[in-house]
Amino acid sequence: MSEIFGISLDEFGRCQHWHQSFDVIANMCQQCQRYFACALCHDTLMTHTFQPMHISQISVMCGICQLEMTGDTYISCIRCPRCQHEFNPRCHLHHDIYFC
């Protein structure tokens with residue numbers, strides 16, 4: 001199981017920046033190949049800035065069931081394909097931060 005990194009994480013990977021019930025996905029940084037609750041947490045904890053992953057690569061993980069998926073799969077869903085937990089519907093606003 002992959003670990004989620006971030007600041008003040010709860011058991012489902014929600015951080016101090018994004019902590020509503022549907023903020024349960026973590027994104028992988030291309031450079032360090034680790035999952036982070038958000039790019040803000042990443043940039044605070046690491047010595048490099050968050051680098052987006054190609055949208056066709058496995059780079060998103062559900063914090064509820066730990067399903068790993070590609071960016072393409074994630075952006076086509078409103079719920080996790082495995083556990084059906086709702087995803088934040090406004091995450092598409094951050095597409096350019098997490099995917100290339």
Hydrophobic cluster identity match, Y35 and W18, side-chain contacts under 4.5 Å: no
Check against side chain to side chain contact (heavy atoms under 4.5 Å, CB included), E3 and R34: CA-CA 8 Å; E3 183 176 1; R34 293 181 179 177; over 6 Å; no
Full working for side chain to side chain contact (heavy atoms under 4.5 Å, CB included) between S8 and C15: CA-CA 5 Å; S8 300; C15 67; over 6 Å; no
Side-chain heavy atoms of C100 within contact of M53, under 4.5 Å: no
Other cluster members, F50 - Ile/Leu/Val/Met/Phe/Trp/Tyr, side-chain contacts below 4.5 Å: F12, V24, I25, I55, V60, I64, L67, M69, Y74, I75, F87, I97, Y98, F99
Intermediate values then yes/no, side chain to side chain contact (heavy atoms under 4.5 Å, CB included), S2 and Q66: CA-CA 8 Å; S2 295; Q66 288 74 49; over 6 Å; no
From I7 atom CD1 to L45 atom CG, the distance as rounded to the nearest 0.5 Å: 4.5 Å
Pairs involving residues 52-65, ordered by first then second residue, that meet side-chain hydrogen bond (donor to acceptor under 3.5 Å, both in side chains) (sequence neighbours left out): H54-S56
Straight-line distance of L9 CG to C41 SG, nearest 0.5 Å: 6.5 Å
Partner set under salt bridge (charged side-chain N to carboxylate O under 4.0 Å, His left out) for D10, not counting sequence neighbours: R14
Those residues that, when tested against F36, pass ring pair (Phe, Tyr, Trp, His ring centres under 6.0 Å) (two or more places apart): F5, H42
All side-chain contact (heavy atoms from CB on, under 4.5 Å) counterparts of Q31, not counting sequence neighbours: C29, H48, Q51
Pairs satisfying side-chain hydrogen bond (donor to acceptor under 3.5 Å, both in side chains), at least one member in residues 79-88, at least two apart: D23-N88
Which atom of C77 lies closest to which atom of P81, heavy atoms considered: SG-CG, 3.8 Å
